[in-house]
Amino acid sequence: MKSKDIRKVLASNAGFFFILPWLIGFILFKVYPFASSLYYSFTNYDLFNGITKTGMMNYQKIFTDSDIVKAFIVTFKYAIFDVPLKLAFALFVAYILNFKLKGVNFFRTAYYIPSILGGSIAIAILWRAVFNTDGLINAVLGVFNIEKINWMASGGTALAVIVLLRVWQFGSAMVIFLAALKGVSEDLYEAASIDGAGKWTQFFKITIPLITPVIFYNLITQLCQAFQEFNGPFLVTKGGPNGATTLISILIYNNAFLRHKMGIASAQAWILFLIVMTFTAVAFISQKKWVYYSDEEGGS
């Protein structure tokens with residue numbers, strides 16, 4: 001091929017060559033692991049012994065093994081408590097920070113910091129220390145002559161501790177809510193005030209309907225994150241006591257990297273993926289009934 005023809009080919013396919021590095025990385029690090037995990041989920045693949053058996057045994061075990069079923073139930077409990085609490089708290093703080101208060105910019109920044117640091121290893125360890133028997137929480141309770149609580153000894157309190165850790169990381173959702181609140185026209189509140197509507201009525205009749213698209217967005221993102229949560233439960237409670245905080249993500253990690261059973265770990269990951277997809281699909285279907293899109297947004 002002549003140099004002129006080569007230059008012509010390169011010029012006509014310049015866009016493809018620009019995205020080629022990304023495309024190669026996407027295939028190697030996204031498509032291949034995705035497809036191979038699906039294949040491994042139908043095998044008893046072991047990191048050291050390889051594959052010696054194929055079939056549906058992993059999926060049968062998922063629905064019959066009590067420990068796996070319990071991990072899924074705990075994950076559901078975690079998501080059910082975590083997502084509504086985090087969204088409600090983020091919306092509440094965003095609503096307060098939307099007022100024109102002195103020094104409000106400082107508080108907006110301060111409230112966002114935990115969401116930046118909250119996922120780190122150091123903060124999770126600090127959280128465990130705060131809820132330790134001799135930690136800060138029990139020290140505060142001692143001021144009011146309340147006996148120390150062993151937060152990690154009971155399944156209910158241990159689950160509450162890791163849920164609160166996620167709720168404490170409300171900054172990202174709060175910032176998105178704050179941006180949505182600033183987009184609500186002040187004229188609507190003024191008109192409602194003239195008609196005699198109070199703050200609560202304005203909040204539920206004006207604010208909430210107009211920010212439902214943002215509520216929907218935060219719901220989807222927080223739901224996906226809750227089902228995939230790992231750092232907090234792993235570092236704070238280590239899945240205890242007696243598996244009370246063992247989320248399915250921890251079980252996948254244990255099977256894959258501690259027991260080296262990649263087959264069952266892949267199957268568990270795919271079941272988790274299908275669960276998240278189901279919840280997401282239900283949310284998208286239900287949005288037609290409760291999410292308000294203005295004409296400018298192109299919605300119904």
Side-chain angles (χ1 to χ4, degrees), residues 37 40-41 44-48 57-86 114 117-138 148-170 222-276 279:
S37 69
Y40 291 145
S41 70
N44 66 339
Y45 177 45
D46 185 283
L47 280 176
F48 298 104
M57 59 281 182
N58 291 328
Y59 293 97
Q60 292 173 353
K61 184 177 181 180
I62 287 175
F63 295 103
T64 56
D65 188 287
S66 59
D67 290 335
I68 299 176
V69 172
K70 182 179 180 180
F72 274 106
I73 293 174
V74 171
T75 305
F76 276 110
K77 288 181 180 179
Y78 177 81
I80 288 171
F81 285 108
D82 170 72
V83 176
L85 283 174
K86 187 172 183 179
L117 304 176
S120 69
I121 304 300
I123 295 299
I125 294 174
L126 177 62
W127 198 260
R128 184 176 62 188
V130 167
F131 281 92
N132 197 9
T133 307
D134 298 321
L136 177 63
I137 300 299
N138 279 332
K148 293 181 178 180
I149 300 174
N150 190 345
W151 299 96
M152 308 304 172
S154 169
T157 55
L159 186 63
V161 168
I162 61 173
V163 167
L164 288 175
L165 174 58
R166 277 276 303 170
V167 173
W168 184 70
Q169 303 168 40
F170 64 89
Q222 296 304 322
L223 190 66
C224 293
Q225 290 177 16
F227 274 104
Q228 299 176 75
E229 178 62 20
F230 177 80
N231 281 359
F234 182 76
L235 293 169
V236 177
T237 63
K238 300 187 184 299
N242 298 322
T245 59
T246 300
L247 305 186
I248 192 61
S249 57
I250 295 179
L251 207 58
I252 292 172
Y253 170 83
N254 290 339
N255 283 321
F257 301 107
L258 297 184
R259 305 184 186 112
H260 312 299
K261 298 183 181 296
M262 298 299 295
I264 184 65
S266 297
Q268 291 168 346
W270 271 95
I271 293 296
L272 178 61
F273 170 75
L274 292 176
I275 290 173
V276 174
F279 274 97

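Being a predicted model, the structure only gives us computed values, none of them experimental.
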Has [X] got a side-chain atom pairing as donor or acceptor with [Y]'s backbone, closer than 3.5 angstrom?
| X | Y | result |
| --- | --- | --- |
| Ser249 | Glu229 | yes |
| Asn242 | Ala244 | no |
| Asn255 | Leu251 | yes |

Quick one: [atom1] on [X] to [atom2] on [Y], what's the gap to the nearest 0.5 Å?
| X | Y | atom1 | atom2 | value |
| --- | --- | --- | --- | --- |
| Ile275 | Leu223 | CD1 | CG | 11.0 Å |
| Asn254 | Ile264 | CG | CD1 | 12.5 Å |
| Thr64 | Met57 | OG1 | CE | 13.0 Å |
| Ile248 | Phe72 | CD1 | CZ | 3.5 Å |
| Thr246 | Ile73 | OG1 | CD1 | 12.5 Å |
| Leu47 | Phe257 | CG | CZ | 8.0 Å |

Can you say whether the rings of Phe76 and Phe279 are parallel (under 30°), tilted (30 to 60°) or perpendicular (over 60°)?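 If you compare the ring of Phe76 with that of Phe279, the planes turn out tilted.
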Give me the ring orientation class for Trp127 and Phe131: parallel if the planes are under 30° apart, tilted from 30 to 60°, perpendicular past 60°.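 Taking Phe131 first and then Trp127, their aromatic rings sit tilted (interplane angle of 30° to 60°).
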Walk me through whether Tyr78 and Thr245 qualify under side-chain hydrogen bond (donor to acceptor under 3.5 Å, both in side chains). CA-CA 8 Å; Tyr78 177 81; Thr245 59; over 6 Å; no
Validation row: [X], [Y] side chains within 4.5 angstrom (heavy atoms):
| X | Y | value |
| --- | --- | --- |
| Met152 | Thr133 | no |
| Lys86 | Gln225 | yes |
| Tyr59 | Ile271 | yes |
| Asn138 | Trp151 | yes |
| Asn132 | Ile137 | no |
| Ile68 | Gln268 | yes |

Reference residue Leu165; test side chain to side chain contact (heavy atoms under 4.5 Å, CB included); the match among Leu235, Val236, Thr237: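 That would be Val236.
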Walk me through it: do Asp134 and Lys148 pass the test side-chain contact (heavy atoms from CB on, under 4.5 Å)? CA-CA 8 Å; Asp134 298 321; Lys148 293 181 178 180; 2.9 Å; yes
Checking side-chain contact (heavy atoms from CB on, under 4.5 Å) for the pair Tyr253/Leu258: CA distance, chi angles, key distance, verdict? CA-CA 7 Å; Tyr253 170 83; Leu258 297 184; 4.2 Å; yes
Which pair of non-hydrogen atoms, one from [X] and one from [Y], has the smallest distance, and what is that distance?
| X | Y | answer |
| --- | --- | --- |
| Cys224 | Val276 | SG-CG1, 3.7 Å |
| Ser154 | Pro241 | C-CG, 3.8 Å |
| Asp82 | Ala226 | OD2-CB, 3.5 Å |
| Pro84 | Ala79 | CD-O, 3.8 Å |

